[in-house]
Student: 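One structure coming up, written as structure tokens, with questions to follow.
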Amino acid sequence: MKVGGYTLEERFEHRTVEPKWQKYWQERQLYKATADKSAKKFYCLEMFPYPSGKIHMGHVRNYAIGDVIARYKRMQGYNVLHPMGWDAFGMPAENAAIKHNLHPSKWTYENMTYMKAQLNKLGLSYDWDREIATCSPEYYRWNQWFFIRMLEKGLAYRKTSYVNWCRSCATVLANEQVIDDKCWRCDSLVVQKELEQWFLRITHYAEELLKACDELTGWPEKVVVMQKNWIGKSQGLEVDFRIDGMDESLRIFTTRPDTLFGSTFLCLSPNHPLCGKLVSGKAELEKIIAHYGKEDEKIGFHTGHFCINPMNAEKIPLYVANFVLMEYGTGAIMSVPAHDQRDFDFAKKYGLSIRVVIEPEQKSEKNSELRTPNSELLAEAYEDAGVLVNSGKFSGLKSDAAKERIAEYIEEKGLGKRVVKYRLRDWGISRQRYWGTPIPVVYCEACGIVPVPEKDLPVILPEDVKFTGTGGSPLLESESFLHTTCPSCGGHARRETDTMDTFVDSSWYFVAYCFGRDGIAFNSEPRTPNPELSYWMPVDQYIGGVEHAVLHLLYSRFFTRVLRDLGIISYSEPFKNLLTQGMVIKDGAKMSKSKGNVVDPDYLIEQYGSDTSRLFSLFAAPPEKDLEWSDKGVEGAYRFLNRIWGFVYRTQKSLEAGSPPGYDSVAMEGISPACRKLLRKTHQTIKKVTTDIEREYHFNTAIAALMELVNEMNSFEPKDAKDMQIMKFAIKNTLLLLSPFTPHITEELWMHIGNESSISEQKWPEWDEEMVREEEVELVTQINGKLRGKLMIPCGLPDEEVKACALGDPKIKEIIGQQKIRKVIVIKGRLVNIVTGE
RNA sequence: GCGAGAGUGGCGGAACUGGCAGACGCGCUGGACUUAGGAUCCAGUGGGGCAACCUGUAGGGGUUCAACUCCCCUCUCUCGCACCA
């Protein structure tokens, strides 16, 4: 029967081929990982998905990248750990429960089942024995265990504070989860609300997390910079300004002690505790509060009070201003209008004096006009470093030195101290939601806050709750959960009803995978590093979206340090190498349901198969860049696979008929030029694919090289047994090199050409440098840098002879004519440039 | 505003430490096989020109025998941070 020019068996039928091998791999447990001290390990991890229902193209891309790496490393002889699991707690499950009257647990587990089948259809080489779901009690009991350990160490604590509150999600958000004043999840406006909350003291590790950023050499620079900025260290000085006529002083924070003499007024945050005492005009204060922290105009008013500048004893006015944040520094600033643009604008607006105390070392045209006080003329603040003027005994010092001297002076006089500030805040983890890990504490009328003892863990999330979508967390309604006895006194106690931020779950899941099927287990005291963890961790290659640059990745770095300090592990950084893959774009925008530009992986796999889907997403762009979706590109990938299939199939008969057994390499000697060419191309391709993978995982160019090899094979016509052996060698290596990208078709063809063990168990091919080398090179001749001729010359000629060849070329001779040759530059194996002229 | 990255055919993208710009794929054009082609195969394909040649990597300058690559200026786009004192 003829179908589209192929006989049926000549076609690559992905619908039968792909499931066949998926079953085969699964039955043989080819991807099961076992710790083995004698083998070099490689831990390859992709960010685990939230079980939202179905996978999307972003997942396909992410997991295809990870799978190529895992398969490649396996073939290179590494003992590879490549696990997968589910970030299974979270809001969508709860929303689904309210909407469809379906329990979050049921919804989540059903989604997991469906998505797992989808992942298996992609032929991903996971060790499913290590699968985890963060919503299972066996998993979240360790969240609770960590929480209690952190409570013991003072790393978890409770405090009342203003928190970010999302009305739509009816819960608190961490600072990291607020993006442009909006909720990271639902995009609605976040408001401030005063609540009592549990916090994790990530700031305890602020300095270490910052310092260790420099050791993250396997991370994209961009992500490291984002982390550094997020931690936001600044060194400065706190200074007390006495309030004139009161027995009270005001502490300010500055990173520019060198400008202290230029402080001509002070500004107070409207939320500063002293405001109540200092401000009489409540209406004015209300107005400032209304504009507090907003990026609009800078406004303020004079409190009527004055402070004393400790450097020059000057009386300067004290203002309240909307742009001074209570959350940073001390909530009060010294204003130096000459050297800070904000203060400058403010001073201009309210007619406050401006005093220049820093002058540039070398006056340029731009700032030569810098004058003031009295004779004004200062168009904008001069914010750079320079030399101090109008600064008493410190005048003449450079900014850097002056910072030191002035800080010393302030400290000696007891007027303040040097401090380091971080932008990083402690991590608020309380969530007023149901579908999360219960925080394992109880509130006892007699004993207060009491942690749940280790033997009573896990505190199980009750299943029998109602989802109304109104009021607070369903846990508040669950009488059986709410009421308990105090572990300390046995009296009545009430359970904590808040659950943990789901980012807690994902902060250590990579550690959980290391334990395998026997289940997660951390030693009790005295703790020693767990051997499984010591073997597998850290993650050698982590792959995921850049959207987690400061959320998940920072929390994980924090948790890893907590685990280290608990004695569970002995290293500090969880992820040695990080690859942040680009987004999948269609019609110029990220694929999303709301934009209606999604491509359904189910459809793609059904229509073209998993190999095609993988190949396209790996070929169309390097992994770190955005991937522009193209239906035609998918067809191109499909066509390529069919070409290989057809080629191997068609040549199979003649191969069987006349070739010697084996698919091993042959020597260059005694074979035809066409053979030498194909053999050389094969070795060159092995080299190219290997180095492209090694060089930042540039799969797109690796695949391009394989396409070139296949093109070359297509134009090769074997005539005798020797030729066929060359052909066999080319086929074998094409399949091996392609197998990490498209495991199904290569497995099928691999078996088809007479192999018995899986292609994924084979050794990665090696190239022979001798075989890679060309015998002849095309020599490019340039005259004055312009391309004028090309000729073939043997490799390895000495420069003098190469030069003679170029000059001997009749065409070149003709162009040069009577011109004088001034210089000849020979670049080995590439070109000759003849420079003419007088 | 600050920080990071990018700008190359009709499109996605190649080009390692400066050395033939446009690999590979898509699309397009022509041809073969066809009742048919949105299948497959073959050939061509940056722009201009019949051609020899000229020209071309956002724009302008520079360094060099030689620049997509290095330096300076300008423009555009993407991402991150954003009153952090």
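Chain letters run A, B, ... following the sequence lines, proteins first, then strands; residues in each count from 1. Please read all numbers here as calculations on a predicted model, not as lab measurements.
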Student: Determine which pairs satisfy side chain to side chain donor-acceptor pair (under 3.5 Å) with at least one residue from residues 616-630 of chain A, sequence neighbours left out, and list them in order.
Tutor: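 Listed by first then second residue: Trp629(A)-Asp631(A).
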
Student: Give each protein N/O atom lying under 3.5 Å from an N/O atom of nucleotides 53-56 of chain B, with the pair distance.
Tutor:
residue, atom, partner, partner atom, Å
rC54(B), OP1, Arg788(A), NH2, 3.2
rU55(B), OP2, Lys786(A), NZ, 3.3

Student: For the pair made of CD1 in Ile783(A) and C1' in rC20(B), what is the distance, rounded to whole Å?
Tutor: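 So the two atoms are 15 Å apart, to the nearest Å.
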
Student: Between rU17(B) and rA6(B), how far apart are the two P atoms, rounded to whole Å?
Tutor: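 To the nearest whole Å, 13 Å.
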
Student: In a check of side chain to side chain contact (heavy atoms under 4.5 Å, CB included) between Tyr319(A) and each of Leu352(A), Ile299(A), Ile333(A), Thr303(A), which one passes?
Tutor: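 Between Tyr319(A) and the candidates, side chain to side chain contact (heavy atoms under 4.5 Å, CB included) is satisfied uniquely by Leu352(A).
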
Student: What residues form a side chain to side chain contact (heavy atoms under 4.5 Å, CB included) with Tyr328(A), not counting sequence neighbours?
Tutor: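 With neighbours one apart ignored, the set is Ser234(A), Phe253(A), Lys421(A).
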
Student: Hey, mind stepping through Met47(A) and His548(A) against side chain to side chain contact (heavy atoms under 4.5 Å, CB included) and telling me if it holds?
Tutor: CA-CA 10 Å; Met47(A) 290 181 185; His548(A) 292 110; 3.5 Å; yes

Student: Show every donor-acceptor pair shorter than 3.5 Å between a side-chain atom in residues 698-706 of chain A and any protein atom, with sequence neighbours excluded, or say none if there are none.
Tutor:
residue, atom, partner, partner atom, Å
Thr701(A), OG1, Asp692(A), OD2, 2.8
Thr701(A), OG1, His698(A), O, 3.1

Student: Provide the distance between the two P atoms, one in rC16(B) and one in rC11(B), to the nearest whole Å.
Tutor: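 Their P atoms lie roughly 22 Å apart.
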
Student: Could you work out, with salt bridge (charged side-chain N to carboxylate O under 4.0 Å, His left out) as the rule, every residue matching Arg830(A), not counting sequence neighbours?
Tutor: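 By the salt bridge (charged side-chain N to carboxylate O under 4.0 Å, His left out) rule, Arg830(A) matches no residue at all.
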
Student: Check RNA chain B against residues 703-712 of chain A and give the residues with a non-hydrogen atom under 4.0 Å, in numerical order.
Tutor: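 Heavy-atom cutoff 4.0 Å gives Ala704(A), Met707(A), Glu708(A), Asn711(A).
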
Student: Taking the nucleotide of RNA chain B with the nearest heavy atom to each, does Lys823(A) or Glu778(A) sit closer to the 5' end?
Tutor: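 The answer here is Glu778(A).
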
Student: Ignoring backbone atoms, test whether Ser234(A) places a side-chain nitrogen or oxygen under 4.0 Å from the OP1 or OP2 oxygen of rA85(B).
Tutor: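 True: Ser234(A) side-chain N/O within range (under 4.0 Å) of rA85(B) OP1/OP2.
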
Student: Using whole Å, report how far NZ of Lys590(A) lies from P of rC79(B).
Tutor: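 Lys590(A) atom NZ is separated from rC79(B) atom P by 12 Å.
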
Student: Using Watson-Crick pairs (N1 to N3, plus N6-O4 or O6-N4) and G-U wobble pairs, both distances under 3.5 Å, which stems of at least 3 pairs involve RNA chain B?
Tutor: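 Stem segments, range with range: B:1-7 with B:75-81, B:10-12 with B:24-26, B:27-32 with B:40-45, B:46-48 with B:53-55, B:58-62 with B:70-74.
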
Student: For Ser263(A), run the side chain to side chain contact (heavy atoms under 4.5 Å, CB included) check against Val357(A), Asp340(A), Ile316(A) and tell me which one passes.
Tutor: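 Among Val357(A), Asp340(A), Ile316(A), the one that satisfies the side chain to side chain contact (heavy atoms under 4.5 Å, CB included) with Ser263(A) is Ile316(A).
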
Student: Hey, are Arg423(A) and Asn229(A) close enough side-chain-wise for a donor-acceptor pair under 3.5 Å?
Tutor: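 Checked: Asn229(A)/Arg423(A) side chains show no N/O donor-acceptor pair below 3.5 Å.
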
Student: Which whole-number value in Å describes the distance from Tyr649(A) OH to rU40(B) C1'?
Tutor: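 Distance check: Tyr649(A) OH to rU40(B) C1' gives 18 Å.
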
Student: Between C1' on rC84(B) and CD on Glu238(A), what's the gap in Å once rounded to a whole number?
Tutor: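 Checked: the CD to C1' distance equals 14 Å.
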
Student: Report yes or no: does Arg643(A) contribute a side-chain atom to a donor-acceptor pair with the main-chain N or O of Met707(A) at less than 3.5 Å?
Tutor: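 A pair under 3.5 Å: no.
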
Student: With C1' as the reference atom in both, quote the distance from rG62(B) to rA14(B) in angstrom, rounded to an integer.
Tutor: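 Per the computed distance, 28 Å lies between those C1' atoms.
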
Student: rG25(B) P sits how many Å from Trp629(A) CH2, rounded?
Tutor: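 Distance check: Trp629(A) CH2 to rG25(B) P gives 19 Å.
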
Student: Work out how far the P atom of rC28(B) is from that of rG22(B), and round it to whole angstrom.
Tutor: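 The answer is 23 Å between these two P atoms.
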
Student: Please state the C1' separation for the pair rU64(B) and rA52(B) - nearest whole angstrom.
Tutor: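 Between the two C1' atoms, the distance is 29 Å.
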
Student: Between rC24(B) atom P and Arg643(A) atom CZ, what is the distance in whole Å?
Tutor: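 After rounding, the gap between these two atoms is 11 Å.
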
Student: Distance between the C1' atoms of rG25(B) and rG9(B), in whole angstroms?
Tutor: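 Straight-line distance between the two C1' atoms is 14 Å.
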
Student: What's the gap between rU69(B) and rG60(B) when it is taken at their P atoms, as a whole Å value?
Tutor: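 Per the computed distance, 13 Å lies between those P atoms.
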
Student: Assign a letter to each nucleotide of nucleotides 3-19 of chain B from its 5' end: B, base within under 4.0 Å of a protein heavy atom; S, sugar-phosphate only; -, no contact.
Tutor: S--------BSSSB--B

Student: Please classify rG48(B) as syn or anti, treating any glycosidic angle within 90° of 0 as syn.
Tutor: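 Chi for rG48(B) falls in the anti range.
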
Student: Only counting residues at least two apart or in another chain, list the ones meeting salt bridge (charged side-chain N to carboxylate O under 4.0 Å, His left out) with Asp214(A).
Tutor: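 Residues passing salt bridge (charged side-chain N to carboxylate O under 4.0 Å, His left out) with Asp214(A): Lys228(A).
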
Student: Describe the nucleic acid contact of Thr255(A) in one word from base, sugar-phosphate, nothing, applying a heavy-atom distance below 4.0 Å.
Tutor: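 Answer is sugar-phosphate: Thr255(A) comes under 4.0 Å of backbone atoms only.
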
Student: Let me know, please, whether Ile834(A) or Met226(A) comes out on the 5' side of the other along RNA chain B by nearest nucleotide.
Tutor: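 Comparing both residues, the 5'-ward one is Ile834(A).
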
Student: Would you call Arg418(A) and Glu404(A) a salt bridge, taking side-chain N to carboxylate O under 4.0 Å as the test?
Tutor: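 Salt bridge present between Arg418(A) and Glu404(A).
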
Student: Walk me through whether Phe640(A) and Leu738(A) qualify under side chain to side chain contact (heavy atoms under 4.5 Å, CB included).
Tutor: CA-CA 12 Å; Phe640(A) 171 66; Leu738(A) 199 57; 4.2 Å; yes

Student: Using a 4.0 Å heavy-atom cut-off, does Val780(A) contact any base of the nucleic acid, only the sugar-phosphate backbone, or nothing at all?
Tutor: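 Here Val780(A) touches the bases of the nucleic acid.
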
Student: Counting primed atoms plus P, OP1 and OP2 as sugar-phosphate and everything else as base, spell out the protein contacts along nucleotides 27-32 of chain B at 4.0 Å heavy-atom distance: B, S or - for each nucleotide, 5' to 3'.
Tutor: S-----

Student: Could you measure between the two P atoms, the one in rA21(B) and the one in rU34(B), and give it in whole Å?
Tutor: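 It works out to 43 Å between them.
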
Student: Excluding sequence neighbours, so at least two apart, what forms side-chain hydrogen bond (donor to acceptor under 3.5 Å, both in side chains) with Glu696(A)?
Tutor: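 Checked Glu696(A) against side-chain hydrogen bond (donor to acceptor under 3.5 Å, both in side chains); zero matches.
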
Student: Who are the salt bridge (charged side-chain N to carboxylate O under 4.0 Å, His left out) partners of Lys803(A), not counting sequence neighbours?
Tutor: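 Lys803(A) satisfies salt bridge (charged side-chain N to carboxylate O under 4.0 Å, His left out) with no residue once adjacent residues are dropped.
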
Student: Determine the sole option in Leu807(A), Leu831(A), Leu791(A), Ile815(A) for which the side chain to side chain contact (heavy atoms under 4.5 Å, CB included) test with Thr781(A) is passed.
Tutor: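 For Thr781(A), the side chain to side chain contact (heavy atoms under 4.5 Å, CB included) test succeeds with only one of Leu807(A), Leu831(A), Leu791(A), Ile815(A), which is Leu791(A).
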
Student: Remember a base hit wins even if backbone is also touched, and classify Val546(A) as base, sugar-phosphate or nothing at under 4.0 Å, heavy atoms.
Tutor: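 Counting heavy atoms under 4.0 Å across all strands, no contact is made by Val546(A).
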
Student: Can you check ring pair (Phe, Tyr, Trp, His ring centres under 6.0 Å) on Phe346(A) and Phe323(A), steps first, answer last?
Tutor: CA-CA 10 Å; Phe346(A) 195 85; Phe323(A) 68 93; 5.7 Å; yes

Student: In whole angstrom, what separates Asn714(A)'s CG from rC24(B)'s P?
Tutor: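 Rounding to the nearest Å, CG of Asn714(A) and P of rC24(B) are 14 Å apart.
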
Student: Taking NZ, NE, NH1 and NH2 as the nitrogens, is one of them in Asp809(A) or Lys811(A) under 4.0 Å from a carboxylate oxygen of the other?
Tutor: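 No salt bridge links Asp809(A) with Lys811(A).
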
Student: Would you tell me whether Thr836(A) and Asn784(A) have side-chain atoms, one donor and one acceptor, within less than 3.5 Å of each other?
Tutor: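 Present: a donor and an acceptor within the cut-off.
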
Student: Would you mind reading off the distance between Tyr638(A) atom OH and rC26(B) atom C1', rounded to a whole angstrom?
Tutor: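 Taking atom C1' of rC26(B) as the reference, OH of Tyr638(A) is at 18 Å.
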
